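To start, the structure itself, in structure tokens.
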Amino acid sequence: MTGFTPAPPAAGCRNAPVLKERGQREVFCGLTGIIWLHRKMQDAFFLVVGSRTCAHLLQSAAGVMIFAEPRFGTAILEEKDLAGLADANAELDREVDRLLARRPDIKQLFLVGSCPSEVIKLDLHRAAERLTERHAPHVRVMNYSGSGIETTFTEGEDACLATMVPTLPATDERQLLMVGALPDVVEDQALSLLAEMGVAPVRCLPAHRAAEAPGVGAHTVVALTQPFLNETAAGLERRGARILPAPFPFGEEGTTAWLWAVAQEFGVSPETFAKVTDAPRARARKAIAAAAETLGGKSIFFFPDSQLEIPLARFLTRECGMTAVEVGAPFINKQIVGPDLDLLAEGPVIAEGQDVDLQLDRCRAARPDLTVCGLGLANPLESEGMTTKWAIELVFTPVHFYEQAGDLAGLFARPLRRRAILAGLEGAA
Ligand code: SF4
């Protein structure tokens, strides 16, 4: 049965040469992952051990959320901390004691490393062990790095989930583990499709609460929902789990291929699969078609940001009729995005890493109809007459699975429509 497997192009991009660049980068650090992780994990607190710069970044990225007593904060390293590490450790312990005394709802505390804490070699791993002992059994303290030296944007989520993997209980149960922090509404949709097909049990990482942490073992099959979970996937493999290769669930085709990979693994019949997915597939196709009217025939250029670039380029070229000029990603793990590369027709430059000036030169020379880039490049490129899509929205907006497929295409169509409307107004003036 191949009816649910997308037909690959004559030549895909898996073996395409990858342009590897190193130089000036225009990307977020991994601390930004805290913004969506703290909403997902309801009894977790993220304590960044960093400078005022880190606190400032979180405040700007979180926007109005900072007024809602969020479960994140920054222990700011002062100059006296930089002078002596012993003081910094004692002070960190005091801060954590104070925080946990005030917030008994916290069950998992993440000490998040930053550039300053790494540069002064503050050992947060040891601190996490020390503090776990001190606050057991109520709170487990873990640590990971979200620094700009170590991580780019979504890699912060990867680092966070990867640090949890060794702490998960062992299980021999045959189960599906869905990995990646999805918005609740999207996670519920995926779980309900899987339940209708009879795939069970299905667990999620991250779980909403520490007490619901999934087990992992030799009979765990992992379906990744995000392409940037490289370390987490490697950690799960070390615990005996198997990663299911599949394209990522973006668009109708990507979602069907992802679900079908799971369905085959769990022995779901094609008839059952069709019964469960026919209606949402039709809805997704219809919703995408509305946006594809604007996107069809347009060219797109991706600056590296989140590692979502390859699966999204696959979706936009195959389902929305776009042409990809360049697909830049901060990091490319072919084991994980290989199935998406197979489906992306040969043609675009596949670039890993960044030398932003060189990439800007290529972008200006290509004059793509749409450029996907970070907030730092978007307005300057708009002022040069280019149309841009802010990459950050792709991470903050629900975009996975069937019901969001139309919204996902719409995110790309909107800036093109806006430009057309404004051009009309200018013409009329
Ligand atoms: S972790 Fe590094 S890159 Fe991120 S805000 Fe702090 S200093 Fe800046």
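In this text the structure is predicted, and so the values were computed from the model without any measurement. For ligands, and for the atoms within them, numbers begin at 1 and follow the listed sequence.
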By ring pair (Phe, Tyr, Trp, His ring centres under 6.0 Å) - contacts of Phe228 (at least two apart):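 Ring pair (Phe, Tyr, Trp, His ring centres under 6.0 Å) check on Phe228 returns nothing, list empty.
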
Electrostatic pair [X]-[Y], nearest N-O below 4.0 angstrom:
X      : Y      : result
Glu95  : Arg98  : yes
Asp355 : Arg22  : no
Glu237 : Arg242 : no

Cut-off under 2.8 Å, centre atom 6 (Fe) of ligand 1, protein N/O/S atoms: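 Counting only protein N, O or S atoms under 2.8 Å from atom 6 (Fe) of ligand 1, the list reads Cys54 SG.
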
Thr387: which of Lys298, Arg419, Arg418 passes side chain to side chain contact (heavy atoms under 4.5 Å, CB included):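 Looking at Lys298, Arg419, Arg418, the match for Thr387 under the side chain to side chain contact (heavy atoms under 4.5 Å, CB included) is Arg419.
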
Side-chain heavy atoms of Leu308 within contact of Val395, under 4.5 Å: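 A side-chain contact exists here, since the closest heavy-atom pair is under 4.5 Å.
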
